[in-house]
Amino acid sequence: MIKPSPRDRFALARYVVCALLLATAPAKAEDKTDPETERKAFQAFFFAKFPKVPKEEFGNGPYAVNEPMRKQWKEMMEFPPYEFALDEGHAEWDKPFANGKHYADCFDNKGQSVRQTYPRFIAATGQVETLEGAINRCRVENGEKPLDPMTGLMASLAAVMSESSRGKPFAIVIPDDPRALAAYERGKEFFYSRKGQLGVSCASCHMSPAGERMRGDILAPALGILAAMPIYRSDWGSMGTSIRRLSTCSFMVRAQPLKADDEEYRDLEYFLSYMSNGIPIVGPGTRP
């Protein structure tokens, strides 16, 4: 029996994922989306495209698919640039609110090893809640002002929660609720829809071109792309959350960035995180 070459496997995976995910025709009333089948096809695409990259490495983005960058990254990790954020985050996490309660009181398992379960669909609101949204909800419910969801102290708190979940695989749940499935579908539509003056989609950079160079940057695979969040980016010179990264991408394709914590961004996170189920959390992380 002739074994298919890596190129043949990649071509087959690309065909499957395109058939399942790139169809733009409206679904018929009797059709039903199967997120799990789509997730398996999505991951098969990347496993075929990067056959030498272990599954658990995809969260490291460009450092997983480009060896020269990986060597530089390993040197950088001797003194991680996000250490200051972890120090700030731990100090804030341990500080009580004015009412005497703590962040830990707002989360399952006192907030330890739960980052891999976010974003979550909240039945009471009928919407998706990101990790940053949960942190701000915790603050508001305890009489504190919400934080900027994109950077600063929020990124430091998210870094602490991500650190406690390192090695834990994404475990995003789409409950048996039509509103949850609709949020997943909206996130998928956002990912594949062309936007901005450049007319590109998230998929335009992070599916087939993943691993290739664009303007000096190596494009990260969409699989596991949120696993390292929050991240320290050299071009930012600071920490940023998933929301900041999505907003930056909107700007880069010359589209009007949405309001921070906009429902469309939250649904996109929901879709991407579900697609990455099984990929371990590696955050906080760093990028060029």
Side-chain angles (χ1 to χ4, degrees), residues 17 20-21 27 31-47 55-56 58-59 103-138 141 149 157-192 202 206 221-230 241-243 245-246 261-284:
V17 80
L20 286 170
L21 298 176
D31 291 341
K32 184 177 181 180
T33 299
D34 183 355
E36 187 59 13
T37 297
E38 294 182 345
R39 182 192 66 81
K40 290 178 180 178
F42 188 92
Q43 294 196 5
F45 172 85
F46 288 103
F47 296 156
K55 178 179 179 179
E56 61 272 14
F58 275 93
Y103 289 100
D105 297 321
C106 298
F107 294 91
D108 299 338
N109 198 38
K110 298 297 182 180
Q112 296 296 306
S113 301
V114 297
R115 184 269 178 270
Q116 71 278 6
T117 64
Y118 285 89
R120 293 180 175 181
F121 175 77
I122 308 299
T125 63
Q127 295 189 352
V128 170
E129 182 177 68
T130 62
L131 179 64
E132 293 76 25
I135 291 172
N136 265 342
R137 179 167 56 84
C138 175
E141 289 177 351
L157 286 166
V160 169
M161 296 188 74
S162 290
E163 182 188 41
S164 75
S165 285
R166 279 182 175 169
K168 302 288 185 181
F170 266 118
I172 306 303
V173 175
I174 300 178
D176 186 15
D177 186 316
R179 299 171 299 171
L181 189 59
Y184 165 86
E185 286 286 1
R186 289 192 299 269
K188 180 174 71 174
E189 181 180 7
F190 189 106
F191 182 76
Y192 290 105
C202 305
H206 300 291
L223 178 60
I225 199 168
L226 300 181
M229 298 294 172
T241 63
S242 301
I243 300 169
R245 185 63 186 130
L246 297 179
D261 204 34
D262 187 277
E263 183 179 31
E264 288 190 63
Y265 282 161
R266 285 185 277 121
D267 291 344
L268 175 59
E269 277 199 53
Y270 195 43
F271 167 74
L272 284 172
S273 298
Y274 184 84
M275 289 292 101
S276 296
N277 269 357
I279 303 299
I281 298 296
V282 296

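What's counted below: heavy atoms across the whole structure, side chains too, no hydrogens, waters or symmetry copies. What you are looking at is a predicted structure, and each value in this text was computed from that prediction instead of being measured.
Using modelled atom types, no side-chain atom of Asp267 and backbone atom of Arg186 make a donor-acceptor pair closer than 3.5 Å. The backbone N or O of Ile122 sits nowhere less than 3.5 Å from a side-chain atom of Arg179 that would complete a donor-acceptor pair. A donor-acceptor contact shorter than 3.5 Å is absent between the side chain of Ser162 and the backbone of Gly283. Of the possible donor and acceptor atoms, none in the side chain of Ser113 sits under 3.5 Å from a partner among the backbone N and O of Ser165.
How far CD1 of Ile243 is from CG of Asp261: 5.0 Å, rounded to the nearest 0.5 Å. Atom CZ of Phe271 is separated from atom CD1 of Ile174 by 9.5 Å, given to the nearest 0.5 angstrom.
At a cut-off of 3.5 Å, with distance as the only test, no side-chain donor of Thr241 or Glu132 sits close to an acceptor on the other residue.
Ring to ring, Tyr270 and Tyr265 are not that close: their centroids are 6.0 angstrom or more apart. Between Phe46 and Phe42, the distance separating the two ring centers is shorter than 6.0 angstrom.
Between Arg115 and Glu163, none of the side-chain N atoms (NZ, or NE/NH1/NH2) sits under 4.0 Å from a carboxylate O, so this pair counts as no salt bridge. Ion pairing between a basic and an acidic side chain is recognised when a charged N comes within 4.0 Å of a carboxylate O; Arg266 and Glu269 show no such pairing.
Side-chain contact check for Asp105 versus Lys110: some heavy-atom pair is nearer than 4.5 Å.
A cation-pi geometry, defined here as NZ or CZ lying under 6.0 Å from the six-membered ring centre and within 45° of its normal, holds between Arg120 and Tyr118.
In terms of heavy-atom proximity, Lys55 sits nearest to Gly278 at CE-O, 3.5 Å.
Remark: Glu189 CD is loosely packed, at most 12 non-hydrogen atoms of other residues, nucleotides or ligands lying under 6.0 Å away. The 12-atom threshold is exceeded at CG of Asn109, counting heavy atoms of other residues, nucleotides or ligands nearer than 6.0 Å.
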